[in-house]
Amino acid sequence: MNPNSPRTAICPGSYDPVTNGHLDIIGRSAKMFDRVVVGVVNKPMRKSATLFTAEERKSFIEEATADLGNVEVQIFSDLLVRFAREVDATAVIKGLRAISDFEYEFEMAQLNHKLDPGSESVYVFARSHFSFLSSTGVKEMATFNADISDLVPESVAAALVDRLGRR
Ligand code: PNS
């Protein structure tokens, strides 16, 4: 690898929707790499239908990362390792909150390495104040009209209330 070529990382996920915890990982990744591609999965394999479309999820992240010059957002519907090669990524970055994340992420890292032995997974610990935060939790809170204003960007909070909030 040319030491002068820019280093690209991917931050992949469902982001249904993006939370301040995700944005923290993306921002920290943007400090460590020359270019960060946020990959929004358009085909969550084992999961139920998403609340927001891939385009909506992408635009929430674009808006929230507009001040980060080296971050771009792309939708992908392929294997993560193929998408990583497509965008020239040297690393896949994931956030780790608690022990409960470890098992799933360990499996994903092994799977991705099996699919592409050249791929590298990098794990970044979530800051303690985000360690309880998940898209699922935020959706549940929004359903019951709890205050989520410090957990997600403003536009995401509004969209969640609009789609899920009890009237
Ligand atoms: O926990 P998430 O946000 O739903 O994670 C999504 C993703 C793509 C990062 C995770 O499922 C993963 O690492 N998958 C590897 C296997 C793969 O490439 N699957 C196809 C895309 S779902």
Side-chain angles (χ1 to χ4, degrees), residues 7-30 32-33 35-65 68 71-127 130-143 148 151-153 155-157 159-160 163-164:
R7 294 248 164 190
T8 299
I10 289 196
C11 291
S14 306
Y15 299 111
D16 186 41
V18 70
T19 67
N20 290 345
H22 292 130
L23 293 169
D24 182 59
I25 301 290
I26 293 166
R28 288 160 64 194
S29 304
M32 293 188 280
F33 285 81
R35 173 177 168 245
V36 169
V37 177
V38 180
V40 176
V41 185
N42 193 24
K43 225 176 14 179
M45 304 301 283
R46 297 174 295 179
K47 299 185 180 171
S48 49
T50 54
L51 177 65
F52 296 104
T53 65
E55 282 301 335
E56 287 171 326
R57 288 179 274 142
K58 176 178 182 240
S59 79
F60 289 141
I61 303 169
E62 275 174 344
E63 193 187 327
T65 58
L68 300 175
V71 173
E72 64 194 79
V73 190
Q74 292 189 33
I75 295 170
F76 73 102
S77 323
D78 201 348
L79 279 176
L80 176 57
V81 289
R82 284 203 198 118
F83 178 61
R85 286 219 172 241
E86 217 178 280
V87 298
D88 256 341
T90 49
V92 173
I93 301 188
K94 305 288 287 287
L96 264 193
R97 287 165 302 186
I99 309 278
S100 48
D101 279 343
F102 180 82
E103 206 167 299
Y104 172 72
E105 293 301 346
F106 186 65
E107 183 187 322
M108 285 303 138
Q110 306 290 325
L111 179 73
N112 288 330
H113 186 258
K114 161 104 183 99
L115 289 168
D116 181 356
S119 72
E120 201 57 75
S121 300
V122 173
Y123 288 88
V124 175
F125 284 113
R127 298 293 185 216
F130 291 132
S131 60
F132 63 93
L133 185 53
S134 70
S135 301
T136 307
V138 163
K139 281 184 277 197
E140 197 157 322
M141 289 172 76
T143 306
I148 51 169
L151 304 179
V152 292
S155 57
V156 173
L160 279 168
R163 211 155 286 189
L164 294 173

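Every number for a ligand or one of its atoms is a count from 1 in the order of the listing.
- Near D78, with a cut-off below 4.0 Å to any heavy atom, the atoms of ligand 1 are 20 (C), 21 (C).
- Judged purely by atom type and a 3.5 angstrom limit, D16 has no side-chain atom pairing as donor or acceptor with the backbone of T50.
- For Y15 and F60, the distance between ring centers is not under 6.0 angstrom.
- Under a 4.0 Å criterion applied to the non-hydrogen atoms of K94, ligand 1 contributes the atoms 9 (C), 13 (O).
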Evaluate the salt bridge (Lys or Arg N to Asp or Glu O under 4.0 Å) criterion for residues E62 and R57: first the C-alpha distance (whole Å), next the side-chain angles of each, then the deciding distance (0.1 Å), finally the verdict. CA-CA 9 Å; E62 275 174 344; R57 288 179 274 142; over 6 Å; no

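- For the side-chain hydrogen bond (donor to acceptor under 3.5 Å, both in side chains) test, residues two or more places apart in sequence or in another chain that qualify with R82 are D78.
- The V41 neighbourhood of ligand 1 comprises atoms 6 (C), 8 (C), 22 (S), with distances under 4.0 Å to a heavy atom of that residue.
- For S14, a nitrogen or oxygen atom sits less than 3.5 Å from a nitrogen or oxygen atom of ligand 1, counting backbone and side chain alike.
- Taking a cutoff of 4.0 Å between a charged side-chain nitrogen and a carboxylate oxygen, E105 and R97 do not qualify as a salt bridge.
- Heavy-atom proximity to K43, at under 4.0 Å, picks out these atoms of ligand 1: 22 (S).
- For residues 113-122, the pairs satisfying salt bridge (charged side-chain N to carboxylate O under 4.0 Å, His left out) are R85-D116, with sequence neighbours left out.
- If you look at Y104 next to ligand 1, the close heavy atoms, those under 4.0 Å, all belong to the side chain.
- Remark: ligand 1 atoms within the under-4.0 Å shell around heavy atoms of L80 are 13 (O), 17 (C), 18 (O).
- Below 4.0 Å from some heavy atom of P12 lie the following atoms of ligand 1, by number and element: 9 (C).
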